[in-house]
Colleague: 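Could you have a look at this structure, given as structure tokens, before my questions?
Just so we're clear, the structure is a prediction, and the values are computed from it rather than from any experiment. Just follow the structure's listing: the first ligand is 1, and inside any ligand the first atom is 1.
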Amino acid sequence: MKMDTSELVAMAKNARENAYAPYSSFRVGAAVVSDIGVFTGANVENASYGLTMCAERVAIFSAISAGAKEITEVAVFAESMPYPCGACLQVMEEFCTPECRVIVADPKNIKILTLRELLPHPFSKDTL
Ligand SMILES: [Zn+2]
């Protein structure tokens, strides 16, 4: 399944509306393309800060828990360029193809990278 880039970014931007970010006020939305469709997520913070979950992982876990087996595109949208954190890259490594497109966007910029560019030397199931 291939999605139009601007449409996928629009879905990430729309998902951001449901972000729960009362502590950082950094609201993030994500949309991922899987083998069974597109799933979205927003960041969800917690008073116990460490329990906060990023938008990318919310979207990926939503896809996997719905039965998806593979993610081929990830779009992330925030007010400033929301490059995925290390934890999200590690989760992407688990479920995304190495050539998975990672689209990072803010209101003025859009950058298209691959997972392998963002995480060139992964720890993966192949390591074990
Ligand atoms: Zn993250």
Colleague: Test Ser124 against Glu94 for side-chain hydrogen bond (donor to acceptor under 3.5 Å, both in side chains), laying out the working first.
Modeller: CA-CA 7 Å; Ser124 72; Glu94 190 73 24; over 6 Å; no

Colleague: Could you pull out the N/O/S protein atoms under 2.8 Å of the Zn ion (ligand 1), ignoring any water?
Modeller: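 You should have found Cys54 SG, Cys85 SG, Cys88 SG.
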
Colleague: What distance do Arg101 atom CZ and Leu8 atom CG have between them, rounded to the nearest 0.5 Å?
Modeller: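 The CG atom of Leu8 is 8.0 Å from CZ of Arg101, to the nearest 0.5 Å.
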
Colleague: Which residue in the set Val76, Ile110, Val74 passes side-chain contact (heavy atoms from CB on, under 4.5 Å) when paired with Ile103?
Modeller: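 The residue from Val76, Ile110, Val74 that satisfies side-chain contact (heavy atoms from CB on, under 4.5 Å) with Ile103 turns out to be Ile110.
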
Colleague: Run the salt-bridge test on Glu79 and Arg16 with the 4.0 Å N-O cut-off and return the result as yes or no.
Modeller: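 Yes.
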
Colleague: State the CD-CD distance between Glu73 and Glu99, to the nearest 0.5 angstrom.
Modeller: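 If we round to the nearest 0.5 Å, Glu73:CD and Glu99:CD are 11.0 Å apart.
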
Colleague: Return yes if a side-chain donor-acceptor contact under 3.5 Å exists between Thr97 and Glu70, otherwise no.
Modeller: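 Result is no, nothing qualifies.
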
